[in-house]
Amino acid sequence: MKILILGVNGFIGNSLAARILQETDWEVFGMDIREDKLDMCHGNAKFHFVEGDISINKEWVEYHVKKCDVVMPLVAIATPATYVREPLKVFHLDFEENLNIVRLCVKYGKRLLFPSTSEVYGMCTDKEFNEDESHLILGPIRMQRWIYSASKQLLDRVIWAYGFQQGLKFTLFRPFNWIGPKLDELAADPEKEGSSRVVTQFISSLLLGEPIRLVDGGLQRRCFTYIDDGINCLMKIIENKDERLNGEIFNIGNPDNEATIKDLAYKLKELFMNHPATKNLDKYSEIIEVYSKEFYGEGYQDINFRVPSIKKAKTLIGWEPKVNLNTALKKTLEYYLDSNLKVEC
Ligand code: UGA
């Protein structure tokens, strides 16, 4: 099988490509604007990489959609600060550029595995979000945070419609706060607030000895999923035994790993303070509260809780997550300490 991964250097892309190359005889064709996370892939004869931008290298992209069996367009902006500060950039990349790829899959009859998002559920009030039943609830237009959710939701609907009217084979998957090594770049400048997702933001602050900032008190909750669990699920989705995953949507998350952002901050700080490499520092980050208007800007609105139902993934895919929150945080922190302490010490 030949798999095209656009955005192969990203958090999900690099980890997925490495696993595919390690465990299968599938070939991976990848494009990305960077290649710094591909150390596990380079050198493998089944890995074919081109450094480039999907919005510029259109001929390469079209040729490879035609050549491959499965297409995974993973190029997207996924940091809430950018949704608020540069909503048009998010719309252009996450919606318009990805729509082109969807249409190429339709044109060449290719199977599309598309990353939807936990954010499409928005401020849904269900205890557990269900792929086929839950309502998708977004805030007003002036709250620009929702442009990411709305862009992804419309693409989900367009993909669904292509499946319904023109027979496109697709599976949509919705990651719920995946964390792990190579998640985001650590912010060199703590003033660049919100430039990465919460776990990497907190690890940056810990390494820099700067305050960890809890937005609006930090009582909002998320379910954190370890990357290896997520990749296990994606491997089964790619495999698609008996083609039974076509036309389906799956949450990929870990409902048992729910925590408030405040808990997360204290857990990470404790792991950091007990780690052999950092346990003897003179000073550690304090944990403070900040207002979202100051941290993200006026167009931010939060999601207070979001728990995935994973019944469908358990039944149809035969998958469930295994890594608990403590282990997931520990492994993520260790990766960043290993790769950054040379600079810090
Ligand atoms: C994320 C992003 O939109 C995407 O990465 C993705 O689609 C999706 O959710 C997901 O991973 O499932 P969110 O969970 O809000 O959205 O993103 P984070 O930036 O990780 O923030 C989580 C929470 O921590 C938010 O309530 C935020 O306000 C808070 N936060 C963030 C802080 O309290 N302090 C910080 O320094 C950063």
Side-chain angles (χ1 to χ4, degrees), residues 7 10-12 74 76-85 87 90 94 114-124 129 138-139 143-153 155-156 172-180 183-184 186-187 189-206 208 210-227 230 251-255 257-269 285-297 299-308 328-329 332:
F11 172 50
I12 298 179
L74 303 183
I77 291 166
T79 43
T82 317
Y83 315 158
V84 178
R85 289 173 199 156
V90 174
D94 294 16
F114 189 76
S116 177
T117 169
S118 63
E119 291 239 349
V120 293
Y121 297 102
M123 297 176 291
C124 177
F129 298 169
L138 307 189
M143 293 307 192
Q144 300 188 152
R145 190 250 165 82
W146 302 113
I147 196 151
Y148 172 75
S149 174
S151 298
K152 287 279 192 179
Q153 185 191 146
L155 268 181
D156 286 3
L172 301 181
F173 60 94
R174 296 186 174 150
F176 276 66
N177 289 86
W178 290 15
I179 60 170
L183 175 59
D184 297 304
L186 294 185
D189 175 3
E191 293 306 313
K192 259 180 92 187
E193 281 147 353
S195 59
S196 62
R197 283 162 280 196
V198 67
V199 168
T200 29
Q201 190 78 36
F202 286 178
I203 294 175
S204 295
S205 300
L206 285 164
L208 293 164
E210 296 291 335
I212 287 181
R213 293 155 220 244
L214 301 177
V215 171
D216 294 336
L219 294 181
Q220 57 279 44
R221 301 196 297 270
R222 296 290 187 273
C223 292
F224 296 95
T225 310
Y226 192 59
I227 181 81
N251 292 335
I252 311 183
N254 191 334
N257 282 354
E258 192 183 25
T260 65
I261 300 305
K262 194 172 182 173
D263 280 348
L264 180 82
Y266 281 95
K267 277 181 202 294
L268 272 171
K269 185 173 171 182
S285 303
E286 50 176 340
I287 297 175
I288 62 168
E289 295 187 9
V290 293
Y291 291 114
S292 57
K293 277 196 174 69
E294 287 154 23
F295 191 84
Y296 287 112
Y300 183 76
Q301 197 166 21
D302 214 333
I303 291 148
N304 288 334
F305 56 90
R306 124 169 126 198
V307 180
L329 292 176
T332 308

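Throughout, numbering of the chain's residues begins at 1 and tracks the sequence. Quick caveat, the model's predicted, so the values are computed rather than measured. Both counts, for ligands and for their atoms, begin at 1 and track the order of listing. No hydrogens, no waters, no symmetry mates; every other heavy atom, side chains included, goes into these values.
Note: no N/O pair closer than 3.5 Å links W178 and ligand 1 by distance alone. Of the polar atoms of S118, at least one N or O is found under 3.5 Å from an N or O of ligand 1, judged by distance alone.
Listed by number with element, the atoms of ligand 1 under 4.0 angstrom from any heavy atom of Y300 are 25 (C), 26 (O), 27 (C), 28 (O). The contact set between ligand 1 and R213, taken as ligand atoms under 4.0 Å from a residue heavy atom, comprises 32 (C), 33 (O), 34 (N), 35 (C), 36 (O). Near Y148, the atoms of ligand 1 lying under 4.0 angstrom from a non-hydrogen atom of the residue are 3 (O), 7 (O). Annotation for ligand 1: atoms under 4.0 Å from non-hydrogen atoms of L214 are 33 (O). Using a 4.0 Å cut-off to heavy atoms of N177, the atoms of ligand 1 that qualify are 10 (C), 11 (O), 12 (O), 14 (O). Using a 4.0 Å cut-off to heavy atoms of Q220, the atoms of ligand 1 that qualify are 26 (O), 28 (O). Close approach to V215 involves these atoms of ligand 1, each under 4.0 Å from a residue heavy atom: 28 (O), 30 (N), 32 (C), 33 (O), 34 (N). For ligand 1 and Y83, the ligand atoms under 4.0 Å from any heavy atom of the residue are 2 (C), 3 (O), 4 (C).
Residue V198 is tested with L264, I203, D184 for a side-chain contact (heavy atoms from CB on, under 4.5 Å); the sole match is L264. When the options L214, I212, L219 are evaluated for a side-chain contact (heavy atoms from CB on, under 4.5 Å) with I261, the one that passes is L214.
At least one heavy atom of R306 lies less than 4.0 angstrom from ligand 1. Heavy atoms of P80 come nearer than 4.0 angstrom to ligand 1 in at least one pair.
Relative to the six-membered ring of Y121, R174 meets both conditions, a distance below 6.0 Å and an angle of at most 45° to the axis.
Residue contacts with ligand 1, taken as heavy atom pairs separated by less than 4.0 Å, do not involve E289 at all. The proximity of P175 to ligand 1, defined as any non-hydrogen pair under 4.0 Å, is limited to the backbone.
Counting all heavy atoms, side chain and backbone alike, A78 lies closest to Y148 at CB-OH, 4.1 Å. Y296 and R85 get closest at one heavy-atom pair: O-NE, 4.1 Å.
Aromatic ring pairs are classed by plane angle as parallel below 30°, tilted from 30° to 60° and perpendicular above 60°; the pair F173 and W178 is parallel.
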